[in-house]
Amino acid sequence: MKKILSIFMTAVMLAGMFMVPTSAATTTTATEVRGNSTFKMKSISVSDGDWTYYFNNGEIRKVNSKGKNDTLVFKADYRITSLSIYKGYIYYLEATNQYQVFNICRVKTDGTGKKTLVKKVECVRENLQIVDGFIYYYDYDEKSEVDILYRMKIDGSGKKTLLKSQSWRLDKQYTTYDPTVLFVSDGLMIISKTSYNNEKGYREEFIYKCNTDGKKLIALDLSNNDKVIGIDDGYIYFQYRDNDTNKDVIKRMSLADGKIDGKWSYTDTRIDYVTILNGKIYYSYLIPYETDKWCIKRVDLNGKNKKTLYKYKTPDSKSFLEVSGNWIFFDDGGGSFIRMDLNGKNQVGDGSDSMGGY
């Protein structure tokens, strides 16, 4: 199994050829319908037309935009994550009985014809990308002890190595590992590379953009405290904690030229699990002056029309939040997901079922 250093990497979204910059970089687009490629690292839902497909309690189910015809598509033996849809197939990572080891699978949207494309992929971040007829994923190679970022055709053939992560040092300061494709959009990949600073004794994450073949790697000028949260309409959105104001801030950077948009930002006391969809921001929010009490908020991109959609019943339970189609999926500490519409209405489930998506 992977060494402790590699296992340490989590959620959530690179190697020998990299040059480490002095500073580091950190929604829903869909020509192909991609559940996890915009603001979702561990996607359990994806929408295709009027239907939203989702995983809960060991099943892939589908429901239409009005909440009707909630039907079983496929019953799984293990938990499923990173759902995407492409040409009548649902693609996903299927857990195995080994820790952080998955199979890459697909099944028709009617629940038939399941096929395992790749077996036993050791994938810490659980991130599978389906774009332009290709599957992007990374795996740990035990023989060479490196993480490898791969691309293969949609049927599982033609696997190609894009980037490798080998332990190497620059001026004896950095040891790098763990290549992870965070998002693929507009012909570019946004990639995370983690480095361990040997002099200072802590890890730092650097963010790059490159072509979908792994070439023309460019470092993005973001600090180590910035967290990439997604891509929307030509912008990379990132989040950081402002220690002076003690608030969380979301800003955006142009995907084309890497410049930060100085005219736009959004700030709140605490922000977590962000999705930006159709001009609105959805996120979990810590209620001020109430210990461990969180709620789900929605606000327009211009900062107007802020609304509380749901108040969590379980203290500090905001472990998951995801938006697909006309639905918000979240966990309130009970072990399975709750679904409600984008206005906080038509809630289904209370999260108390015995087996959840995670």
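One-based numbering along the sequence shown.
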With a 3.5 Å distance limit and no angle check, can you tell me whether D48 reaches the backbone of W51 through a side-chain donor-acceptor pair? no
Please report the C-alpha distance between Y282 and I328 in whole Å, then the side-chain angles of each, then the deciding distance to 0.1 Å, and finally whether the side-chain contact (heavy atoms from CB on, under 4.5 Å) criterion is met. CA-CA 9 Å; Y282 300 82; I328 301 171; 3.9 Å; yes
When rounded to the nearest 0.5 angstrom, what is the spacing between OG1 in T109 and CZ in F74? 13.0 Å
For a side-chain contact (heavy atoms from CB on, under 4.5 Å) check, start with the C-alpha distance between L255 and Y235, then their side-chain angles and the critical distance, and finish with the verdict. CA-CA 5 Å; L255 188 60; Y235 287 100; over 6 Å; no
Do F329 and F337 make the cut of ring centroids closer than 6.0 angstrom? no
N/O donor-acceptor pair under 3.5 Å between Q129 side chain and I135 backbone: no
Which pair of heavy atoms, one from S82 and one from L93, lies closest together, and at what distance? OG-CD1, 3.9 Å
Answer yes or no: is there a side-chain heavy-atom contact under 4.5 Å between I104 and M152? yes
Without hydrogens or angle criteria, can the side chains of R241 and N246 be said to hold a donor-acceptor pair below 3.5 Å? yes
Between N69 and T71, does a side-chain hydrogen bond (donor to acceptor under 3.5 Å, both in side chains) hold up when you go through it step by step? CA-CA 6 Å; N69 300 321; T71 55; over 6 Å; no
For D341 and N346, run side-chain hydrogen bond (donor to acceptor under 3.5 Å, both in side chains): C-alpha distance rounded to whole Å, both residues' side-chain angles, the deciding distance at 0.1 Å, then the answer. CA-CA 6 Å; D341 66 27; N346 298 314; 2.8 Å; yes
Separation of I60 CD1 from I80 CD1 (nearest 0.5 Å): 4.0 Å
Do the side chain of E322 and the main chain of I44 share a donor and acceptor less than 3.5 angstrom apart? yes
Can you tell me how far apart CG (N278) and CD1 (I281) are? Round to the nearest 0.5 Å. 13.0 Å
Does any part of the side chain of V249, heavy atoms only, come nearer than 4.5 Å to the side chain of Y266, both counted from C-beta? no
Is the shortest side-chain heavy-atom distance between L162 and Y138 below 4.5 Å? no
Determine yes or no for a side-chain-to-main-chain donor-acceptor pair under 3.5 angstrom, with D139 supplying the side chain and E122 the backbone. yes
Just by distance, with hydrogens left out, do S284 and Y312 show a side-chain donor and acceptor under 3.5 Å apart? yes
How about D50 and S65: does a side-chain donor come under 3.5 Å of a side-chain acceptor? yes
Just wondering, do I296 and M340 contact through their side chains at under 4.5 Å, heavy atoms? yes
Answer with yes or no whether the side chains of R298 and N343 bring together a donor and an acceptor at under 3.5 Å. yes
Consider only side-chain N and O atoms of D70 and Y54, and report whether a donor and an acceptor are under 3.5 Å apart. yes
Whether S254 side chain and A256 backbone form a donor-acceptor pair below 3.5 Å: yes
Looking only at heavy atoms, what is the nearest atom pair of K251 and S265, with distance? CG-CB, 3.9 Å
More than 12 heavy atoms of other groups within 6.0 Å of K114 NZ: yes
When you compare the side chain of I276 with that of Y237, does any pair of heavy atoms fall below 4.5 Å? yes
Crowding at NZ, K307 (>12 non-hydrogen neighbours, <6.0 Å): yes
For a side-chain contact (heavy atoms from CB on, under 4.5 Å) check, start with the C-alpha distance between I90 and L83, then their side-chain angles and the critical distance, and finish with the verdict. CA-CA 7 Å; I90 305 169; L83 271 68; 4.2 Å; yes
Can you see whether Y91 has R106 sitting over its ring - NZ or CZ less than 6.0 Å from the centre and within 45° of the normal? no
Kindly compute the distance separating CG (L342) from CG (L277), expressed to the nearest 0.5 Å. 7.0 Å
All heavy atoms of I250 vs all of W264, minimum pair found to be O-CZ3, 3.4 Å
Heavy atoms only: give me the nearest A76-F55 pair and the separation to one decimal. CB-CE1, 4.2 Å
Let's go through K115 and L117 carefully: what are the C-alpha distance in whole Å and the side-chain angles of both, what is the deciding distance for side-chain contact (heavy atoms from CB on, under 4.5 Å) to 0.1 Å, and is it a yes or a no? CA-CA 6 Å; K115 180 181 180 181; L117 302 178; 3.9 Å; yes
Less than 4.0 angstrom from a charged side-chain N to a carboxylate O is my criterion; do D232 and R252 meet it? no
Check whether D300 reaches the backbone of N302 with its side chain - one donor and one acceptor, N or O, closer than 3.5 Å. no
Just wondering, do Y53 and V73 contact through their side chains at under 4.5 Å, heavy atoms? yes
Short question: side chain of W327, backbone of V63 - any donor-acceptor pair under 3.5 Å? no
Against the six-membered ring of Y285, is K297 placed for a cation-pi contact (under 6.0 Å from the centre, within 45° of the normal)? yes
Main chain of T52, side chain of S47: is a donor-acceptor contact present, judged purely on distance under 3.5 Å? no
In Å, rounded to the nearest 0.5 Å, how long is the span from CG of N103 to CD of E94? 5.5 Å
Regarding D110 and T112, is there a side-chain donor-to-acceptor distance under 3.5 Å anywhere? yes
Please step through salt bridge (Lys or Arg N to Asp or Glu O under 4.0 Å) for the pair K306 and D268, ending with a clear verdict. CA-CA 11 Å; K306 186 183 294 186; D268 210 334; 3.5 Å; yes
Would one find more than 12 heavy atoms of other residues, nucleotides or ligands at under 6.0 Å from atom NZ of K62? yes
Using every non-hydrogen atom in the two residues, find where T116 and C105 come nearest and quote the distance to one decimal. OG1-SG, 3.7 Å
Y310 ring center within less than 6.0 Å of W294 ring center: no
Calculate, to the nearest 0.5 Å, the distance between atoms CZ and CZ belonging to R61 and R339 respectively. 9.0 Å
Looking at side-chain heavy atoms only, is the closest gap between D331 and I338 below 4.5 Å? no
Do you know which two heavy atoms are closest between L128 and Y137, and how far apart they sit? CD1-CB, 3.8 Å
4.5 Å side-chain heavy-atom contact, T81 and Y92: no
